[in-house]
There are 2 protein chains.
Amino acid sequence: MRAITVAQPGGPENLRVEERPTPSAGPGEVLIKVVAAGLNRADVMQRMGFYPPPPGASDILGLEVSGIVQHVADDVTGFAAGDLVCALLTGGGYAEYVNVPAVQVLPVPAGVAITEAAGLPEVSATVLSNLMMTAHLSPGETVLIHGGSSGIGTHAIQFAKALGATVAVTAGSDAKLDLCGELGADILINYRTQEFGEVLKDRVDVILDIIGAKYLSHNISALAVDGRLVTIGLQGGVVAEININDLLRKRGTFAATNLRGRPLDQKASIISRVREVTWPLIESGAIKPIVGQAFPLEDAAEAHRFLESADSSGKVLLTI
Amino acid sequence: MRAITVAQPGGPENLRVEERPTPSAGPGEVLIKVVAAGLNRADVMQRMGFYPPPPGASDILGLEVSGIVQHVADDVTGFAAGDLVCALLTGGGYAEYVNVPAVQVLPVPAGVAITEAAGLPEVSATVLSNLMMTAHLSPGETVLIHGGSSGIGTHAIQFAKALGATVAVTAGSDAKLDLCGELGADILINYRTQEFGEVLKDRVDVILDIIGAKYLSHNISALAVDGRLVTIGLQGGVVAEININDLLRKRGTFAATNLRGRPLDQKASIISRVREVTWPLIESGAIKPIVGQAFPLEDAAEAHRFLESADSSGKVLLTI
């Protein structure tokens, strides 16, 4: 089968199409014939050599796909050949076929095109696990979502609104903020012209952060009493100064999480909650998949360039 | 009535005995004739001018007492004049009488002397709220308790053992570590000769920290995957450098909390859980109150000097 791998760590030009053996479904697994793969920031980090695949994972890029079930292992129930599904992966998604533990597979939600569904597993699992399971976002609370027009951001805005929260977002252009507003965001902050830590001082119950070091003190400034900051990305660096008393006076919590490194039982429990909570919201239309652009598999380098550009909004996909 | 107040911020010599009007129980309150008051680090901070009483709180020192109910407001149920009680206060404990919301009052546990009970409200509420409600310490997990021989430490060791956790402690002398061992601690670390961050690297599920900045990176080093660090004191400073990626790789959580600033409904819910969970453990003998030394009310300055000395273990009390 064809698959996208990294010739050597570096820029998008290092992505290459390779011929690889088609995998087969081991115990507990499902083999999926891929229709589309979702792109994630983590793919870019992996391409650059900063985020090696965990032990045992495929070196083929790609953390999520949609497709058609080709085969299921004897011990798997709930899925059968021919089912239209999408899945959260530990790697291997930029390929014609991928095998994945059945507990990480979801049906394509009713009303969603199979291609669009490729962009749902990572964002839905990331948003639900962090906003609901880690930060316990409650109706009536205020949540701040950084990078509101990104794949995660566009999903998080809609998820938080469906939960009954007030949603503030940051983004880097008025066009991106317009998109966030159309998705339901209540407070729109252009980080190029406004200081979110001042605008939202002491007002935010939950923050979903993809920036890390550069935003840490501003995030703590924005937190309300009993506020929870969850950092899931480090686009603004790793090492920061923290004033612990600022956190303590607010009884604040600072959690830093990732999805890919979680053990199978945690992924299973997250996917099960996604199916229970998020899937009905997608099927009712309360949450729409927001796809920015789709590229053919062999144009993976082009797709990475687009994801890394300032023009990207919503999810970027590869189609097979 | 006699009460201890702070003449001006500074050393123990600034504590003075003053004559103050005896308070009366307002709506929802209980008036307690004080038998003993517990000392806390926060009292020292307040004496030094670093921890002013919250708006509306008494300027008389003292965050916990035991005593005899003198009077209850008409709307209070569950307590009556003559009851032996102890209570969590927002201030006013170093005095002959104190009024307090009834939801912050507990009966003296069966088998505990009324004087000893003065040292229970702060430690039991602090330990339960942080280990159980904030950090969700589970049976079989490992907890690290800094300052194991302190009032909070001695209670936390016994509470965590009763929950079924493995308990590691730090303290500054072999005598103090011996006390921790007698109370059930499994791993004894002398911080003067050992680096706890190395000894316990990646092994600790929950940390109860009173040091803050000086220990932050070592605490993160000691955390296991999915570990939770809770800082409740800043004896080692306020500003630290944090490597967010170290926290993220472990999916770690860093919470900083305080008890005094919590709103009444949170205090009520904590005290209610203490009565439900901790009180039976005290009444069965699984948790013993550890009193280091007791001083008469008028020797408050002496008591503060003892609390601040390296000799102090367990709770320090004032008796009326």
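The basis for the numbers below is simple: all heavy atoms, side chains too, and nothing from hydrogens, waters or symmetry mates. Just so we're on the same page: letters track the sequence lines, and every chain starts at 1. Only a predicted model underlies this, so the values are computations on that prediction, with no experimental measurement involved.
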For B:Val238 versus A:Asn245, what's the shortest heavy-atom pair and its separation? CG1-CB, 3.6 Å
Using a 6.0 Å cut-off, check whether atom CD of B:Glu195 has over 12 heavy atoms from anything other than its own residue. no
If I compare all heavy atoms of B:Pro263 with all of A:Arg251, which pair ends up nearest, and what's the gap? CD-NH2, 3.4 Å
Find out whether A:Val239 and B:Ile244 are in side-chain contact, i.e. whether some heavy atom of one side chain is under 4.5 Å from a heavy atom of the other. no
How about B:Thr253 and A:Thr253: do any of their side-chain heavy atoms sit closer than 4.5 Å? yes
At a heavy-atom distance under 4.5 Å, which candidate from B:Arg249, B:Gln266, B:Lys250 has the highest pair count against chain A? B:Gln266
Chain B contacts, top residue of A:Leu247, A:Asn258, A:Asn243, A:Thr257 (heavy-atom pairs, under 4.5 Å): A:Asn258
Is there any residue in residues 120-154 of chain A with a non-hydrogen atom under 4.5 Å from a non-hydrogen atom of chain B, and which ones are they? none
The interface call for A:Leu234 against chain B, heavy-atom contacts under 4.5 Å, is side chain
Applying a heavy-atom distance below 4.5 Å, give me the residues of residues 211-230 of chain B that approach chain A, sorted by number. B:Gly212, B:Ala213, B:Leu216, B:Asp226
